[in-house]
Amino acid sequence: MLDIKFIKENADLVRNAVKNKGEKANVDELITKDNRRVKIVKELDNLRAEKNRLSKEVRGLERNTPQFEKNVMESREIGNRIKKMEKELRELKEEIRILSLWIPNIPHPSVPVGDEHANKIIREWGEKIEFSFKAKSHIDLINDLGLIDFERGAKISGTHFPCYVGIGAKLERALVNFMLDYHIEKHGYKEMFPPFLNNRETLTGTGQLPKLEDDMYYVEKDDMFLNPTAEPPVTNFHRNEILQENDLPIKYTAYTSCFRREAGSYGKETRGLKRVHQFNKVEMVKFVKPENSYDELESLLNNAEEILQILKIPYRVILLSTGDMTFASAKTYDIEAYAPGSNEYLEVSSVSNFEDFQARRMNIKYKSKSDGKLHFVHTLNGSGLATPRTYIAILENYQREDGKIVVPDALKPYMGGVELIG
RNA sequence: GGAGGGAUGGCUGAGAGGUCGAAAGCGCGCGACUCGAAAUCGUGUUCAGGGCAACCUGACGAGGGUUCGAAUCCCUCUCCCUCCGCCA
């Protein structure tokens with residue numbers, strides 16, 4: 001959510017952001033409605049002032065005198081007009097609220113304008129491994145080694161619900177635990193294990209609603225959604241709170257399963273782990289002061305990159321263009337891990353600064369010591385990392401000619417002595 | 001699901017139709033004392049909308065009602081706590 005005053009004073013900037021992000025928000029209708037709101041508020045304030053004046057007078061008047069009766073009648077009459085206007089104002093405010101929920105965040109000036117072709121490669125890390133044999137795809141490795149049972153997963157739930165089995169399941173758990181422990185111990189993130197079912201307010205707070213309602217799994221009976229990422233529950237942890245400046249930055253890391261309908265994204269990637277309805281992810285979330293949120297974005301990005309560095313998996317960092325970034329984000333980096341089996345880069349992380357966009361929706365402020373006033377915090381989050389494609393990258397990078405997988409050094413402490421899979 | 005209790009500023013917590021945006025304490029800001037700090041003393045300190053400003057308006061969980069006038073009385077809802085039931 002953007003400040004309505006900001007929208008009115010920077011209408012062109014906002015219209016541009018809507019266009020560049022490919023959103024469909026109606027900026028002009030919002031502005032028209034808000035102008036009307038301000039007009040009603042002014043009239044209403046005048047009526048209320050008059051009514052308050054009459055009420056004070058009444059106290060000094062003797063009851064049942066003509067002056068008393070006249071005053072009371074007049075006050076009553078104004079009261080009725082106020083009630084009518086208040087109703088109109090309430091309805092108008094609700095319309096304004098709904099319109100403003102569809103206004104996207106404004107991309108930072110450093111973000112390239114355009115669609116996915118405008119994305120910029122920021123850096124590449126690591127050497128792509130050269131195998132002396134023909135590398136297998138993760139699908140073949142998984143099937144040959146029996147790490148994941150896709151067919152039975154489909155039996156239990158449906159297609160694209162992978163069921164990890166045996167050492168395959170252990171590897172997934174090792175990966176999650178390694179990443180969590182790393183963020184906690186190396187960078188001081190506080191661990192959180194949040195609920196997976198989120199209510200509407202939570203998902204509106206971080207900006208998944210209203211836009212992505214059809215992309216989430218919905219539990220109708222309870223009007224709740226399965227979280228598509230840990231971002232909503234963890235960020236909403238502090239919804240409607242005023243934070244202490246001394247406590248900032250606040251940093252959380254959380255593992256959750258994530259659930260996405262991936263509606264309309266079939267055709268490509270119908271097999272394997274690349275695109276699934278349920279997956280595991282370790283997320284990092286930060287609440288920071290506005291003045292250093294872009295430094296915090298870089299350090300968050302670095303924290304996510306370190307996971308791949310320690311796993312010794314080559315990757316590249318992409319700065320997303322306006323058309324490729326999400327609704328709520330002001331600036332987003334993607335991290336893509338290299339998968340030699342198919343010779344492609346796979347998105348394993350998305351790291352974003354939302355500035356105060358989410359904080360406005362969630363009403364999260366902090367009291368500044370320098371001016372004594374309340375300000376919205378800036379929120380950021382980043383995957384650190386999503387497991388399915390990291391899992392793919394591990395399998396394909398660590399495969400041997402005999403079809404076995406070497407366990408990466410970083411995961412060995414989590415694998416109960418297993419150093420070779422297969 | 002049933003029965004009670006509760007929701008007030010950054011926090012704790014008084015307030016029970018008008019003199020209440022709200023006592024007190026904590027916290028925080030400023031000043032004094034100090035070489036400096038702690039302690040102490042003084043002083044200030046709710047948020048939001050409108051206006052250049054004086055000022056006006058709104059907000060005591062949300063919505064509605066009674067009244068000239070509601071934090072305060074009535075109704076509905078939400079959330080939290082306690083007890084009972086149900087499930088595990």
Side-chain angles (χ1 to χ4, degrees), chain A residues 1-9 30-101 194-205 209 219 221-224 232-233 236-250 287-290 356 359-377:
Chain A
M1 178 137 34
L2 299 172
D3 183 5
I4 185 67
K5 273 192 204 159
F6 177 88
I7 294 173
K8 284 156 97 171
E9 286 163 14
L30 176 62
I31 291 174
T32 305
K33 282 204 152 82
D34 195 70
N35 284 336
R36 174 153 174 70
R37 181 189 64 85
V38 171
K39 190 165 164 273
I40 291 176
V41 165
K42 281 180 184 169
E43 284 177 42
L44 202 46
D45 280 357
N46 288 337
L47 284 176
R48 281 168 172 157
E50 175 65 9
K51 187 158 181 282
N52 287 345
R53 194 185 60 77
L54 288 169
S55 274
K56 273 185 192 145
E57 260 180 36
V58 165
R59 292 192 66 198
L61 294 174
E62 208 173 311
R63 283 191 167 261
N64 301 322
T65 61
Q67 186 54 246
F68 179 90
E69 295 296 342
K70 178 171 175 289
N71 221 326
V72 167
M73 288 300 286
E74 208 176 322
S75 187
R76 231 179 242 162
E77 198 264 326
I78 292 175
N80 287 335
R81 282 166 66 192
I82 288 174
K83 261 175 203 165
K84 261 185 217 155
M85 282 183 96
E86 280 176 337
K87 183 165 180 282
E88 190 184 350
L89 183 63
R90 237 191 343 268
E91 288 166 359
L92 188 60
K93 278 165 97 172
E94 178 60 12
E95 291 171 31
I96 288 168
R97 190 185 70 84
I98 287 166
L99 281 170
S100 59
L101 286 179
F196 291 4
L197 277 169
N198 297 176
N199 60 33
R200 272 178 195 281
E201 227 180 328
T202 293
L203 288 156
T204 304
L209 287 179
V219 182
K221 192 166 185 181
D222 300 287
D223 197 23
M224 297 216 274
N236 277 272
F237 187 72
H238 288 300
R239 188 171 75 226
N240 287 323
E241 289 186 20
I242 291 168
L243 307 174
Q244 297 299 316
E245 182 174 0
N246 288 340
D247 294 338
L248 301 177
I250 295 174
F287 301 80
V288 309
K289 288 193 265 184
D356 64 6
R360 283 180 191 283
R361 290 184 166 224
M362 289 180 290
N363 188 29
I364 304 177
K365 297 179 176 177
Y366 76 101
K367 191 163 197 168
S368 164
K369 289 198 167 183
S370 52
D371 65 5
K373 292 206 162 109
L374 296 175
H375 299 281
F376 289 108
V377 297

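Below, chains carry the letters A, B, ... as their sequence lines are ordered, and counting in each starts from 1. Note that these values count all heavy atoms, side chains included, but never hydrogens, waters or copies made by symmetry.
- Scanning all heavy atoms of the two residues, the minimum distance from A:Asn35 to A:Lys8 falls at OD1-CE, 3.1 Å.
- The pairing partner recorded for B:U72 is none, the criterion being a Watson-Crick or G-U wobble arrangement whose two distances lie under 3.5 angstrom.
- Both A:Gln244 and A:Glu86 lie close to RNA chain B; mapped to their nearest nucleotides by heavy-atom distance, the more 5′-ward contact belongs to A:Gln244.
- Atom C1' of B:G15 sits at a distance of 8 Å from the matching atom of B:U72, rounded to the whole Å.
- Side chains of A:Leu209 and A:Thr202 form no contact here, defined as non-hydrogen atoms less than 4.5 Å apart.
- In this structure, the side chain to side chain donor-acceptor pair (under 3.5 Å) partners of A:Asn240, at least two apart in sequence or on a different chain, are A:Asn363.
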- Task: Produce a footprint string for nucleotides 48-63 of chain B: one letter per nucleotide, 5' end first; B if the base is under 4.0 Å from any protein heavy atom, S if only the sugar-phosphate is, - if neither.
- Result: -BS-----SSS----S
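- B:U67 is unpaired under the criterion used here, namely a Watson-Crick or G-U wobble arrangement in which both key atom distances are under 3.5 Å.
- Taking a pair to require two hydrogen-bonding distances under 3.5 Å in either a Watson-Crick or a G-U wobble arrangement, B:G1 pairs with B:C84.
- Among the heavy atoms of the strands, none lies under 4.0 Å from A:Glu74.
- In this entry B:A22 has no Watson-Crick or G-U wobble partner, no candidate having both defining distances under 3.5 Å.
- A 3.5 Å limit on both hydrogen-bonding distances identifies B:C77 as the Watson-Crick or G-U partner of B:G61.
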Under 3.5 Å, which N/O atoms of the protein pair with N/O atoms of nucleotides 67-73 of chain B?
residue	atom	partner	partner atom	Å
B:C68	OP1	A:Arg76	NH2	2.7
B:C68	OP2	A:Arg76	NE	3.1
B:C68	OP2	A:Arg76	NH2	3.2
B:C68	O2'	A:Ser55	OG	2.9
B:C68	O2'	A:Ser75	OG	2.5
B:C68	N4	A:Arg63	NH2	3.4
B:G69	OP1	A:Lys51	NZ	2.7
B:G69	O4'	A:Ser55	OG	3.2

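- Protein atom CG of A:Asp223 is 13 Å distant from nucleotide atom P of B:U78, rounded to whole Å.
- For B:A16 and B:A71, the P atoms lie 13 Å apart once the distance is rounded to whole Å.
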Only distances under 3.5 Å count here; give the side-chain donor-acceptor pairs of residues 68-85 of chain A to other protein atoms, sequence neighbours excluded, each with its distance to 0.1 Å.
residue	atom	partner	partner atom	Å
A:Asn71	ND2	A:Glu57	OE1	3.0

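- Rounded to the nearest Å, the gap between the C1' atom of B:C52 and that of B:C47 is 23 Å.
- In this view, A:Asp223 and A:Arg200, A:Tyr218 satisfy the side chain to side chain donor-acceptor pair (under 3.5 Å) rule, not counting sequence neighbours.
- Nucleotides B:G42 and B:C26 are separated by 12 Å at their P atoms, to the nearest Å.
- Shown here are the salt bridge (charged side-chain N to carboxylate O under 4.0 Å, His left out) partners of A:Glu9, two or more places apart in sequence or in another chain: there are none.
- As the counterpart of B:U40, B:A32 is assigned, both hydrogen-bonding distances of the Watson-Crick or G-U wobble pattern falling under 3.5 Å.
- For the C1' atoms, the distance linking B:C74 with B:G58 amounts to 23 Å, nearest Å.
- At a threshold of 4.5 Å between non-hydrogen side-chain atoms, the residues A:His238 and A:Ile250 count as touching.
- With a cut-off of 3.5 Å on both Watson-Crick or G-U wobble distances, the partner of B:A16 is given as none.
- If you measure from atom CD1 of A:Ile364 to atom P of B:C47, you get 19 Å, rounded to the nearest angstrom.
- Taking the C1' atoms as reference points, B:C41 lies 48 Å from B:G63, given to the whole Å.
- Evaluation of the ring-ring contact (aromatic ring centres under 6.0 Å, His included) rule for A:Phe237 yields A:Tyr252 as partners, not counting sequence neighbours.
- In this structure, B:G9 forms no base pair with any nucleotide, since neither Watson-Crick nor G-U wobble geometry is met with both distances under 3.5 Å.
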Can you name the atoms? Protein N/O to nucleotides 86-88 of chain B N/O, anything below 3.5 Å, with the distance.
none

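- Nucleotides B:A24 and B:C79 have their P atoms positioned 36 Å apart, rounded to a whole Å.
- Only the C1' atoms considered, B:C55 is 24 Å distant from B:C60, to the nearest whole Å.
- Computed from coordinates, the A:Asn246 CG to B:G10 C1' distance equals 12 Å when rounded to whole Å.
- Inter-residue side-chain proximity for A:Glu43 and A:Leu47 is flagged as unmet; no heavy-atom pair is nearer than 4.5 Å.
- Applying the salt bridge (charged side-chain N to carboxylate O under 4.0 Å, His left out) criterion to A:Glu95, with sequence neighbours excluded, gives A:Lys33.
- Taking A:Arg36 as the reference, A:Ile40, A:Glu88, A:Leu92 meet the side-chain contact (heavy atoms from CB on, under 4.5 Å) condition, with sequence neighbours excluded.
- Shown here are the side chain to side chain donor-acceptor pair (under 3.5 Å) partners of A:Glu50, two or more places apart in sequence or in another chain: A:Arg53.
- Not counting sequence neighbours, A:Asp3 has no partner by the side chain to side chain donor-acceptor pair (under 3.5 Å) test.
- As rounded to whole Å, 16 Å separates atom C1' of B:G65 from atom CD1 of A:Ile82.
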